[in-house]
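Order of appearance sets the numbers: ligands from 1, and atoms from 1 within every ligand. Throughout, residue positions are numbered sequentially from 1 according to the sequence presented. Values in this document were obtained by computation on a predicted structure and should not be read as measured data.
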Amino acid sequence: LICVGDHPASQVYIRNKITACDQVGIKSWVYRFEGQRSERAVLNKIVELNSDDEVHGILVQLPLPRSFNIERVIEAIDPAKDVDGFHPVNIGKLFSGKALFSPCTPWGIMRLIDHYKIQVEGKHAVVVGRSAIVGKPMAIMLLERHSTVTICTSKTTNLSDHVFKADILVVAAGKQNLIRGNMVKKGAVVIDVGINELPDGSLTGDVDFSGILEVASWISPVPGGVGPMTIAGLLTNTVKAFR
Ligand code: NAD
(Lines give C-alpha, C1' and ligand atoms only; values in the text may rest on other atoms or scores of the structure.)
Protein backbone atom coordinates (compact mmCIF):
# COMPACT_ATOMS: atom_id res chain seq x y z
CA LEU A 1 0.00 0.00 0.00
CA ILE A 2 1.32 3.39 -1.01
CA CYS A 3 -0.04 6.38 0.85
CA VAL A 4 0.82 10.00 0.05
CA GLY A 5 0.10 12.84 2.47
CA ASP A 6 -2.15 12.69 5.52
CA HIS A 7 -5.71 12.76 4.07
CA PRO A 8 -7.77 11.70 7.16
CA ALA A 9 -10.19 9.32 5.37
CA SER A 10 -7.25 7.67 3.58
CA GLN A 11 -5.68 6.83 6.94
CA VAL A 12 -8.89 5.03 7.97
CA TYR A 13 -9.08 3.14 4.65
CA ILE A 14 -5.42 2.10 4.86
CA ARG A 15 -5.92 0.85 8.43
CA ASN A 16 -9.00 -1.16 7.42
CA LYS A 17 -7.13 -2.72 4.51
CA ILE A 18 -4.17 -3.71 6.70
CA THR A 19 -6.54 -5.29 9.26
CA ALA A 20 -8.40 -7.20 6.54
CA CYS A 21 -5.11 -8.49 5.09
CA ASP A 22 -3.99 -9.62 8.56
CA GLN A 23 -7.29 -11.45 9.10
CA VAL A 24 -6.87 -13.60 5.99
CA GLY A 25 -3.09 -14.03 6.19
CA ILE A 26 -2.00 -11.63 3.45
CA LYS A 27 1.21 -9.84 4.37
CA SER A 28 1.01 -6.10 3.73
CA TRP A 29 3.50 -3.25 3.79
CA VAL A 30 2.67 0.44 3.91
CA TYR A 31 4.96 3.00 2.25
CA ARG A 32 4.22 6.57 3.29
CA PHE A 33 5.31 9.65 1.41
CA GLU A 34 5.08 13.33 2.26
CA GLY A 35 2.68 15.46 0.15
CA GLN A 36 3.18 17.60 -2.95
CA ARG A 37 6.71 16.95 -4.26
CA SER A 38 7.12 13.21 -3.79
CA GLU A 39 5.86 11.92 -7.15
CA ARG A 40 9.31 10.84 -8.32
CA ALA A 41 9.88 8.91 -5.07
CA VAL A 42 6.46 7.21 -5.43
CA LEU A 43 7.23 6.23 -9.04
CA ASN A 44 10.60 4.80 -7.97
CA LYS A 45 8.92 2.75 -5.22
CA ILE A 46 6.38 1.38 -7.72
CA VAL A 47 9.18 0.34 -10.10
CA GLU A 48 10.91 -1.41 -7.19
CA LEU A 49 7.71 -3.22 -6.10
CA ASN A 50 6.89 -4.22 -9.69
CA SER A 51 10.05 -6.33 -9.80
CA ASP A 52 9.83 -7.66 -6.24
CA ASP A 53 8.72 -11.31 -6.42
CA GLU A 54 7.53 -11.16 -2.80
CA VAL A 55 4.91 -8.56 -3.77
CA HIS A 56 1.82 -9.66 -5.69
CA GLY A 57 -0.42 -6.62 -5.36
CA ILE A 58 0.30 -2.87 -5.40
CA LEU A 59 -2.25 -0.30 -4.33
CA VAL A 60 -1.90 3.48 -4.40
CA GLN A 61 -4.39 5.03 -1.99
CA LEU A 62 -6.40 7.81 -3.66
CA PRO A 63 -6.81 10.74 -3.65
CA LEU A 64 -3.27 11.83 -4.47
CA PRO A 65 -2.16 15.45 -3.91
CA ARG A 66 -3.21 17.83 -6.70
CA SER A 67 0.36 18.27 -7.92
CA PHE A 68 0.52 14.55 -8.82
CA ASN A 69 -0.12 13.18 -12.27
CA ILE A 70 -2.52 10.38 -11.26
CA GLU A 71 -2.44 8.70 -14.69
CA ARG A 72 1.35 8.52 -14.62
CA VAL A 73 1.32 6.94 -11.16
CA ILE A 74 -1.40 4.37 -11.94
CA GLU A 75 0.19 3.49 -15.28
CA ALA A 76 3.51 2.82 -13.55
CA ILE A 77 1.97 -0.18 -11.75
CA ASP A 78 2.50 -3.55 -13.42
CA PRO A 79 -1.05 -4.44 -14.66
CA ALA A 80 -0.54 -7.96 -13.26
CA LYS A 81 -0.15 -6.42 -9.77
CA ASP A 82 -2.85 -3.76 -10.15
CA VAL A 83 -5.23 -5.15 -7.52
CA ASP A 84 -7.42 -2.02 -7.60
CA GLY A 85 -8.09 -2.64 -11.30
CA PHE A 86 -7.42 1.02 -12.23
CA HIS A 87 -4.63 0.50 -14.81
CA PRO A 88 -5.78 1.25 -18.40
CA VAL A 89 -4.88 -2.31 -19.40
CA ASN A 90 -7.26 -3.69 -16.78
CA ILE A 91 -9.95 -1.15 -17.64
CA GLY A 92 -9.57 -2.23 -21.28
CA LYS A 93 -9.96 -5.88 -20.32
CA LEU A 94 -13.08 -5.02 -18.32
CA PHE A 95 -14.55 -3.28 -21.36
CA SER A 96 -13.76 -6.25 -23.57
CA GLY A 97 -15.63 -8.53 -21.14
CA LYS A 98 -12.47 -10.32 -20.00
CA ALA A 99 -11.62 -8.55 -16.76
CA LEU A 100 -8.49 -9.69 -14.95
CA PHE A 101 -9.00 -7.45 -11.92
CA SER A 102 -12.37 -5.75 -11.63
CA PRO A 103 -12.42 -2.47 -9.68
CA CYS A 104 -13.17 -3.51 -6.09
CA THR A 105 -16.33 -1.50 -5.33
CA PRO A 106 -18.38 -2.57 -8.38
CA TRP A 107 -17.06 -6.11 -7.91
CA GLY A 108 -18.33 -6.06 -4.32
CA ILE A 109 -21.72 -4.77 -5.47
CA MET A 110 -22.07 -7.57 -8.04
CA ARG A 111 -21.25 -10.07 -5.27
CA LEU A 112 -23.99 -8.59 -3.07
CA ILE A 113 -26.46 -8.79 -5.96
CA ASP A 114 -25.52 -12.40 -6.72
CA HIS A 115 -25.48 -13.45 -3.07
CA TYR A 116 -29.09 -12.33 -2.65
CA LYS A 117 -30.00 -13.93 -6.01
CA ILE A 118 -31.20 -10.64 -7.47
CA GLN A 119 -31.93 -10.94 -11.16
CA VAL A 120 -29.91 -8.59 -13.35
CA GLU A 121 -30.62 -9.85 -16.85
CA GLY A 122 -33.37 -7.87 -18.56
CA LYS A 123 -33.66 -5.42 -15.66
CA HIS A 124 -33.24 -1.65 -15.89
CA ALA A 125 -30.21 -0.58 -13.87
CA VAL A 126 -29.58 3.09 -13.10
CA VAL A 127 -26.14 4.16 -11.90
CA VAL A 128 -25.88 7.63 -10.36
CA GLY A 129 -22.26 8.82 -10.70
CA ARG A 130 -19.77 8.29 -13.48
CA SER A 131 -16.38 8.18 -11.74
CA ALA A 132 -13.65 5.96 -13.15
CA ILE A 133 -13.52 3.90 -9.95
CA VAL A 134 -17.24 3.33 -9.25
CA GLY A 135 -19.87 4.62 -11.69
CA LYS A 136 -18.33 3.74 -15.06
CA PRO A 137 -17.04 0.25 -14.24
CA MET A 138 -20.31 -0.47 -12.40
CA ALA A 139 -22.30 0.38 -15.52
CA ILE A 140 -20.08 -1.84 -17.67
CA MET A 141 -20.42 -4.78 -15.28
CA LEU A 142 -24.21 -4.46 -15.21
CA LEU A 143 -24.25 -4.16 -19.00
CA GLU A 144 -22.09 -7.27 -19.28
CA ARG A 145 -24.80 -9.10 -17.32
CA HIS A 146 -27.48 -8.04 -19.80
CA SER A 147 -29.22 -5.28 -17.92
CA THR A 148 -30.29 -2.05 -19.63
CA VAL A 149 -28.16 0.66 -18.09
CA THR A 150 -28.68 4.38 -17.56
CA ILE A 151 -25.82 6.46 -16.16
CA CYS A 152 -26.64 9.76 -14.44
CA THR A 153 -24.23 12.57 -13.59
CA SER A 154 -24.34 15.93 -11.84
CA LYS A 155 -25.45 17.46 -15.17
CA THR A 156 -28.34 15.04 -15.73
CA THR A 157 -31.63 16.86 -16.06
CA ASN A 158 -34.65 15.27 -14.36
CA LEU A 159 -32.65 12.89 -12.20
CA SER A 160 -35.88 11.71 -10.51
CA ASP A 161 -37.35 10.54 -13.84
CA HIS A 162 -34.36 8.30 -14.52
CA VAL A 163 -34.08 7.05 -10.95
CA PHE A 164 -37.77 6.15 -10.86
CA LYS A 165 -37.27 3.73 -13.78
CA ALA A 166 -34.65 1.70 -11.92
CA ASP A 167 -35.18 -1.94 -10.99
CA ILE A 168 -31.62 -1.79 -9.66
CA LEU A 169 -30.32 1.57 -8.45
CA VAL A 170 -26.66 2.12 -7.60
CA VAL A 171 -25.92 5.53 -6.09
CA ALA A 172 -22.31 6.76 -6.00
CA ALA A 173 -22.43 10.55 -6.00
CA GLY A 174 -21.10 11.51 -2.58
CA LYS A 175 -24.18 13.66 -1.84
CA GLN A 176 -26.10 13.03 1.34
CA ASN A 177 -29.87 12.50 0.88
CA LEU A 178 -29.63 12.78 -2.93
CA ILE A 179 -32.14 9.95 -3.34
CA ARG A 180 -35.37 10.00 -1.33
CA GLY A 181 -38.20 7.52 -0.92
CA ASN A 182 -40.56 9.21 -3.38
CA MET A 183 -37.93 8.92 -6.16
CA VAL A 184 -37.75 5.12 -6.03
CA LYS A 185 -40.03 2.59 -7.72
CA LYS A 186 -41.74 0.05 -5.45
CA GLY A 187 -39.68 -3.11 -5.17
CA ALA A 188 -36.45 -1.56 -6.49
CA VAL A 189 -33.07 -2.80 -5.28
CA VAL A 190 -31.13 0.16 -3.89
CA ILE A 191 -27.38 0.04 -3.41
CA ASP A 192 -25.84 2.98 -1.60
CA VAL A 193 -22.16 3.54 -2.29
CA GLY A 194 -21.87 7.07 -0.89
CA ILE A 195 -19.89 7.87 2.22
CA ASN A 196 -20.64 11.27 3.76
CA GLU A 197 -19.41 12.44 7.13
CA LEU A 198 -21.92 14.13 9.42
CA PRO A 199 -20.91 16.94 11.82
CA ASP A 200 -20.82 14.45 14.72
CA GLY A 201 -18.29 12.32 12.83
CA SER A 202 -20.73 9.51 11.97
CA LEU A 203 -21.15 8.30 8.39
CA THR A 204 -24.15 8.28 6.10
CA GLY A 205 -24.76 7.34 2.49
CA ASP A 206 -26.33 9.10 -0.49
CA VAL A 207 -29.86 7.77 0.02
CA ASP A 208 -32.48 8.44 2.65
CA PHE A 209 -32.33 4.96 4.21
CA SER A 210 -35.47 5.06 6.37
CA GLY A 211 -37.57 6.69 3.64
CA ILE A 212 -36.51 4.16 1.01
CA LEU A 213 -36.83 1.16 3.33
CA GLU A 214 -40.61 1.52 2.90
CA VAL A 215 -40.53 1.07 -0.90
CA ALA A 216 -37.41 -0.90 -1.83
CA SER A 217 -37.21 -4.69 -1.90
CA TRP A 218 -33.53 -4.53 -0.86
CA ILE A 219 -31.36 -1.69 0.38
CA SER A 220 -27.71 -1.67 1.44
CA PRO A 221 -26.82 0.28 4.60
CA VAL A 222 -24.05 2.82 5.21
CA PRO A 223 -21.89 2.06 7.11
CA GLY A 224 -21.79 -1.66 6.34
CA GLY A 225 -23.10 -2.72 2.93
CA VAL A 226 -20.77 -1.79 0.10
CA GLY A 227 -17.76 -0.64 2.17
CA PRO A 228 -16.76 -4.07 3.53
CA MET A 229 -17.49 -5.64 0.12
CA THR A 230 -14.96 -3.28 -1.46
CA ILE A 231 -12.29 -4.61 0.88
CA ALA A 232 -13.36 -8.19 0.09
CA GLY A 233 -12.83 -7.29 -3.59
CA LEU A 234 -9.34 -6.07 -2.86
CA LEU A 235 -8.44 -9.27 -1.00
CA THR A 236 -9.90 -11.40 -3.80
CA ASN A 237 -7.92 -9.52 -6.45
CA THR A 238 -4.76 -9.92 -4.38
CA VAL A 239 -5.19 -13.70 -4.14
CA LYS A 240 -5.88 -13.74 -7.90
CA ALA A 241 -2.67 -11.77 -8.52
CA PHE A 242 -0.72 -14.25 -6.39
CA ARG A 243 -2.13 -17.23 -8.28
P1 NAD B 1 -16.59 11.21 -7.54
O2 NAD B 1 -16.70 12.52 -6.82
O3 NAD B 1 -15.37 10.90 -8.32
O4 NAD B 1 -17.83 11.05 -8.52
C5 NAD B 1 -19.11 11.41 -8.14
C6 NAD B 1 -20.02 11.30 -9.33
O7 NAD B 1 -21.34 11.62 -8.92
C8 NAD B 1 -19.66 12.24 -10.48
O9 NAD B 1 -19.64 11.49 -11.67
C10 NAD B 1 -20.80 13.26 -10.50
O11 NAD B 1 -21.14 13.63 -11.82
C12 NAD B 1 -21.93 12.48 -9.85
N13 NAD B 1 -22.83 13.39 -9.14
C14 NAD B 1 -22.52 14.31 -8.21
N15 NAD B 1 -23.62 14.98 -7.82
C16 NAD B 1 -24.64 14.46 -8.51
C17 NAD B 1 -26.03 14.75 -8.57
N18 NAD B 1 -26.57 15.72 -7.83
N19 NAD B 1 -26.79 14.01 -9.41
C20 NAD B 1 -26.26 13.04 -10.17
N21 NAD B 1 -24.95 12.72 -10.16
C22 NAD B 1 -24.15 13.44 -9.34
O23 NAD B 1 -16.87 10.11 -6.42
P24 NAD B 1 -16.59 8.52 -6.36
O25 NAD B 1 -15.15 8.29 -6.14
O26 NAD B 1 -17.29 7.82 -7.47
O27 NAD B 1 -17.36 8.21 -5.00
C28 NAD B 1 -18.74 8.47 -4.87
C29 NAD B 1 -19.13 8.26 -3.42
O30 NAD B 1 -18.92 6.89 -3.09
C31 NAD B 1 -18.32 9.06 -2.41
O32 NAD B 1 -19.16 9.39 -1.32
C33 NAD B 1 -17.25 8.09 -1.95
O34 NAD B 1 -16.78 8.37 -0.66
C35 NAD B 1 -18.02 6.80 -1.99
N36 NAD B 1 -17.20 5.59 -2.21
C37 NAD B 1 -17.47 4.53 -1.42
C38 NAD B 1 -16.76 3.36 -1.59
C39 NAD B 1 -17.08 2.18 -0.71
O40 NAD B 1 -16.32 1.25 -0.66
N41 NAD B 1 -18.23 2.18 -0.03
C42 NAD B 1 -15.78 3.26 -2.58
C43 NAD B 1 -15.55 4.37 -3.41
C44 NAD B 1 -16.28 5.54 -3.21
Side-chain angles (χ1 to χ4, degrees), residues 1 3 7-21 59-66 68 70-71 74 83-86 91 94 101-113 115 125-142 149-166 169-180 182-184 190-199 201-209 212 219-238:
L1 299 107
C3 181
H7 192 266
S10 292
Q11 307 312 312
V12 177
Y13 296 145
I14 290 271
R15 237 184 0 257
N16 291 347
K17 287 168 187 173
I18 295 169
T19 308
C21 284
L59 178 155
V60 176
Q61 184 65 46
L62 301 179
L64 287 171
R66 278 173 187 276
F68 272 58
I70 296 190
E71 285 77 23
I74 299 295
V83 287
D84 257 338
F86 295 163
I91 295 171
L94 180 74
F101 302 117
S102 302
C104 303
T105 303
W107 179 93
I109 292 169
M110 291 313 297
R111 281 300 296 254
L112 278 178
I113 286 175
H115 180 83
V126 176
V127 179
V128 181
R130 52 145 209 177
S131 73
I133 62 170
V134 189
K136 277 187 210 161
M138 183 76 255
I140 294 301
M141 288 163 86
L142 288 161
V149 182
T150 301
I151 309 174
C152 301
T153 77
S154 55
K155 308 278 186 229
T156 296
T157 47
N158 303 327
L159 179 68
S160 315
D161 291 352
H162 295 290
V163 166
F164 199 73
K165 294 199 180 97
L169 176 66
V170 179
V171 190
K175 295 272 178 314
Q176 185 193 343
N177 260 331
L178 180 64
I179 308 296
R180 296 170 302 280
N182 60 1
M183 295 168 74
V184 174
V190 180
I191 296 158
D192 192 355
V193 186
I195 302 176
N196 306 292
E197 196 174 337
L198 297 173
S202 63
L203 299 179
T204 186
D206 287 352
V207 313
D208 166 21
F209 187 86
I212 288 179
I219 180 167
S220 71
V222 178
V226 174
M229 292 306 296
T230 296
I231 294 195
L234 178 64
L235 300 177
T236 303
N237 279 346
T238 307

Participant: Indicate yes or no: at least one non-hydrogen side-chain atom of Asn196 is less than 4.5 angstrom from one of Asp206.
Facilitator: yes

Participant: I'd like the residue list for ligand 1, meaning every protein residue with a non-hydrogen atom under 4.0 Å from the ligand.
Facilitator: Thr105, Val128, Gly129, Arg130, Ser131, Ile133, Val134, Thr153, Ser154, Leu159, Ala172, Ala173, Gly174, Lys175, Leu178, Val193, Gly194, Ile195, Val226, Gly227, Thr230

Participant: Using only atom types and a distance under 3.5 Å, with no angle test, would you say the side chain of Asp208 pairs donor to acceptor with the backbone of Arg180?
Facilitator: no

Participant: State the OH-CD1 distance between Tyr13 and Ile195, to the nearest 0.5 angstrom.
Facilitator: 3.5 Å

Participant: Measuring from atom CD1 of Ile109 to atom SG of Cys104, what distance do you get when rounded to the nearest 0.5 angstrom?
Facilitator: 11.5 Å

Participant: Keeping the roles fixed (side chain from Thr156, backbone from Leu159), state whether a donor-acceptor pair exists under 3.5 Å.
Facilitator: no

Participant: Going by the rule side-chain contact (heavy atoms from CB on, under 4.5 Å), which residues pair with Ile91 if we only count those two or more places apart in sequence or in a different chain?
Facilitator: Phe95

